[in-house]
Structure formats: structure tokens, C-alpha cells
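All remarks here apply to the structure that follows.
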Amino acid sequence: WDGWYDNYLGYMLQDWQRLSETNAPKRHNHLMVGPWDHECSADKLLRAGLIPVSEDAFGHRWDHFIAFFDHYLMELDNGFGKAGPVHYFTLGPDQWQDSEAWPPQDIDYQPWYLQSKGQLSSQLPDDEGVDRFIYDPDNPVNETLQMDCWALAGEMGDRRDIEARDDVLVYTSTVFDTAVELTGPVTAKLHVASSVTDTDFTVVLCDVFPDGRVNKIQDGILRTSYRDPDQVPQLMEPGQIYTLDIDMWATSYRIAEGHSIRVEISSSDFNRYDRNPNTGAPFGHSPTTIKAEQAVH
């Protein structure tokens, strides 16, 4: 079991996938993902970021655990798992759902595209330009500075101050005229170039409220030297365009009517993640830093 804002979520979902592929019978493998972080900080606040979560939703965790143990240790026919081995919480409607698999088998994967002038669209764009920003390791995005990153769901807040920075690119969709549920894995594919041989790129998927508030749905980060997981770390050629696949793990989150979705792109999230000094030196070996000119194509 895990939470949508736990630092281990992605690895737990990988473990679940491996167990599902190798263990039999599969219906004895159970997955539960709730509206919490590693320390379950949202329980007391009754919210995950800016999204209210009912006390019953948090208390349901213990009912689910007890039903599991009663079923497998006391051999009670209490119906545990009959609705599906995957039990997950959808933020927004405050609802627990069940599925036969993760990701759910009936989900509709949809691409969304970055466009010039800060637009985010489900339509494939025409030839677009390049957006640029400067990443200075001595002035990183410091959203998580002095934050308990294990209590992320309770620590997250309105992101408008972060988006006002010069080193954060922002792309926003049109307003949704009906509610849309986002459930399943999330991946960002970026085409980028940099003036340095090694740097980081961060991506945040957000929910934009009608009053302007911005709530984090999910995020991801990738160090460019690790862009190919099957190879040893490789430095970049400055100015050359590379494609980055950034795993943003997964979510189950309803975008309400009148809201928009937004994507933020930057190069740091300190101190949840260490700053990349941009020098290309091995991790922890660089006493100096270099500013990076970043380009998103």
C-alpha cells in the first residue's frame, strides 16, 4: 500500500507490476493507493495539497487492512478483493475505486502538447518555436526548502509564487467545460537542449482552480546524464537536442468543471532533490557551479 504523494510511489508500483507478472494466483496480490504521503500527514489536515479529503476516506484504510487480515489469516469469507485486487483513491470526488489491474484496463491514454505562448493542448501543434530559461544552481526553485518531504501532501500549497519565477516555464490548457478524471501513469516527453554537459529538468502537472490557485497533481525529475536507463551516465553535447522521457509515476485525480490543467518546466526542486551544479562532474565532486541556458523545443 502507498499514497499518491509518497516518495516511494513509483517504486512501489514497479514492485506491484513485478509481483503481478510472477506470482500466482494473481488475485492474492493486492494494491492499495490512498490520498496520503509517507507520514500520512494529510490525515490530520483532511486535505491533500489544496484538495479536501474526508475523515472517512482516511479511516477507510484501517477497515481495508482489517478486512485483508480477516480474510487471509482468519479465513473469513468477507468479500475482500472481490471487486478487484487494486483499490485506489480518486482525489476530488473523495472516492475509493476498484480495478482488476493497474493501470486500469479501460483507461484512455491521451497526449497533450506544449505550444508557444504558454499553451497546453490535446491537439498536435504546427511547427513551434523554442522556449528558454536560465537555471542558476545558486538560486534554485526552493519549493521544498525547510519542508518535510515525507509529509508532502500536507506541506504542498498554492504554486503561483513558484510560477512567477523567470526560470519556470508554464503551459496552461483551456478551461474544462466538464469534469475529467485522470487515472493512470503520467509521463512527460521533452525535447531539450542546454549550454552545459549535464543538468536537470523538472516537470509538474497541476490543477488550476477558477480563482487562480494552483495545486500539484504529480511531478518528475530527470538528470540528463541518466537519460538512457540502459546505459552508463552520458554527458550531453552543448546545444544538441535530446529527448527526455520523465517518469511522473501515476495519479487518480478529477479535474473539476471550470478548472484547467497546467504543466510547469524547470530545472530544480531544492532541497527535495539535490541541485545539479551543471559542471558534468560526478555527483558530490563539484565545488563550483555553472549557469545553464536551457531550451525546450
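Basis for what follows: all heavy atoms, side chains included, without hydrogens, waters or symmetry-related copies.
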Is there a side-chain contact between [X] and [Y], using heavy atoms and a 4.5 Å cut-off?
X      : Y      : result
Trp4   : Asp37  : no
Asp228 : Gln234 : yes
Leu120 : Gln115 : no
Phe58  : Pro35  : yes
Asp148 : Glu39  : yes
Val192 : Ile241 : no
Thr197 : Pro238 : yes
Asp136 : Asp167 : no

Other residues, nucleotides and ligands only: do more than 12 of their heavy atoms fall within 6.0 Å of [atom1] on [X]?
X      : atom1 : value
Asp63  : CG    : yes
Tyr226 : OH    : no
Glu75  : CD    : no
Phe283 : CZ    : no
Glu163 : CD    : yes

Residues 208-217, side-chain donor-acceptor partners within the protein, below 3.5 Å, at least two apart:
{"from": "Asp211", "atom 1": "OD1", "to": "Arg213", "atom 2": "N", "distance (Å)": "3.1"}
{"from": "Asp211", "atom 1": "OD1", "to": "Arg213", "atom 2": "NE", "distance (Å)": "3.2"}
{"from": "Asp211", "atom 1": "OD2", "to": "Arg213", "atom 2": "NE", "distance (Å)": "2.8"}
{"from": "Asp211", "atom 1": "OD2", "to": "Arg213", "atom 2": "NH2", "distance (Å)": "3.4"}
{"from": "Asn215", "atom 1": "OD1", "to": "Leu50", "atom 2": "N", "distance (Å)": "2.8"}
{"from": "Asn215", "atom 1": "ND2", "to": "Tyr253", "atom 2": "OH", "distance (Å)": "3.1"}
{"from": "Lys216", "atom 1": "NZ", "to": "Glu143", "atom 2": "OE2", "distance (Å)": "3.4"}
{"from": "Lys216", "atom 1": "NZ", "to": "Asp219", "atom 2": "OD2", "distance (Å)": "3.1"}

Identify the heavy atoms of [X] and [Y] that sit nearest to each other, and give their distance.
X      : Y      : result
Ser54  : Asp94  : OG-OD2, 2.5 Å
Gly84  : Glu100 : CA-OE2, 3.8 Å
Ala48  : Met156 : C-CE, 4.3 Å
Arg165 : Val141 : NH2-N, 3.5 Å
Asn7   : Cys149 : ND2-O, 3.2 Å
Thr183 : Ser252 : OG1-OG, 2.8 Å

Quiz item: cation-pi between Arg61 and Trp96, 6.0 Å / 45°:
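Pair Arg61/Trp96 does not count as cation-pi.
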Over-ring placement of Arg262 relative to Tyr171, 6.0 Å and 45° cut-offs
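Negative - Arg262 is either too far from the ring of Tyr171 or too far off its axis.
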Is the distance between the ring centroids of [Y] and [X] under 6.0 Å?
X     : Y      : answer
Phe65 : Phe69  : no
His30 : His71  : no
His38 : Tyr5   : no
Tyr8  : Trp249 : no

Go through Tyr135 and Asn276 one step at a time and tell me if the side-chain contact (heavy atoms from CB on, under 4.5 Å) criterion holds.
CA-CA 10 Å; Tyr135 160 50; Asn276 193 322; 4.3 Å; yes
Quick one: [atom1] on [X] to [atom2] on [Y], what's the gap to the nearest 0.5 Å?
X      : Y      : atom1 : atom2 : answer
Ser41  : Leu152 : OG    : CG    : 8.0 Å
Leu114 : Asp131 : CG    : CG    : 8.0 Å
Gln123 : Tyr113 : CD    : OH    : 8.5 Å
Leu182 : Thr90  : CG    : OG1   : 10.0 Å
Arg159 : Asp207 : CZ    : CG    : 12.0 Å

From CA spacing to verdict: side-chain contact (heavy atoms from CB on, under 4.5 Å), Met236, Ser194
CA-CA 8 Å; Met236 300 188 299; Ser194 179; 3.7 Å; yes
Any carboxylate oxygen within less than 4.0 angstrom of a Lys/Arg side-chain nitrogen, looking at Asp77 and Lys82?
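Between Lys82 and Asp77 there is a salt bridge, with a charged N closer than 4.0 Å to a carboxylate O.
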Taking NZ, NE, NH1 and NH2 as the nitrogens, is one of them in Asp274 or Arg223 under 4.0 Å from a carboxylate oxygen of the other?
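Yes, charged N to carboxylate O under 4.0 Å.
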Expected output: side-chain [X] to main-chain [Y] donor-acceptor under 3.5 Å:
X      : Y      : result
Thr279 : Thr289 : no
Arg227 : Thr243 : no
Thr144 : Arg272 : yes

Check the pair Trp112, Ser173 against side-chain contact (heavy atoms from CB on, under 4.5 Å), reporting the backbone distance first and the verdict last.
CA-CA 9 Å; Trp112 284 72; Ser173 75; 3.8 Å; yes
Mind checking whether [X] and [Y] sit in one hydrophobic cluster, side chains of I, L, V, M, F, W, Y counted as touching below 4.5 Å?
X      : Y      : answer
Ile221 : Trp150 : no
Ile107 : Leu13  : no
Ile261 : Ile246 : yes
Leu222 : Tyr242 : no
Ile51  : Met248 : yes

Ignoring hydrogens and geometry beyond distance, is a side-chain donor-acceptor pair present between [X] and [Y] at under 3.5 Å?
X      : Y      : result
Thr224 : Asp198 : yes
Asn29  : Ser20  : no
Glu181 : Gln95  : no
Asp15  : Gln17  : no

Can you tell me how the ring of Phe133 sits relative to the ring of Phe201, calling it parallel under 30°, perpendicular over 60° and tilted otherwise?
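Rings of Phe133 and Phe201: perpendicular, over 60°.
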Students often mix this up, so state it plainly: with edges at 30° and 60°, are the rings of Trp102 and Tyr88 parallel, tilted or perpendicular?
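Plane angle over 60°, so perpendicular.
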The single option from Phe89, Trp1, Phe80 that satisfies ring pair (Phe, Tyr, Trp, His ring centres under 6.0 Å) with His64 is Phe80
Run the side chain to side chain donor-acceptor pair (under 3.5 Å) test on Asn278 and Thr199 for me, step by step, so that the C-alpha distance in whole Å, both residues' side-chain angles and the decisive distance to 0.1 Å come before the verdict.
CA-CA 5 Å; Asn278 296 331; Thr199 190; 2.9 Å; yes
Run the numbers on Thr251 and Gln218 for side chain to side chain donor-acceptor pair (under 3.5 Å), then give the verdict.
CA-CA 7 Å; Thr251 190; Gln218 200 52 272; 5.1 Å; no
Mind running side-chain contact (heavy atoms from CB on, under 4.5 Å) on Arg132 and Gln294 for me, showing each step along the way?
CA-CA 5 Å; Arg132 304 179 188 274; Gln294 315 288 51; over 6 Å; no
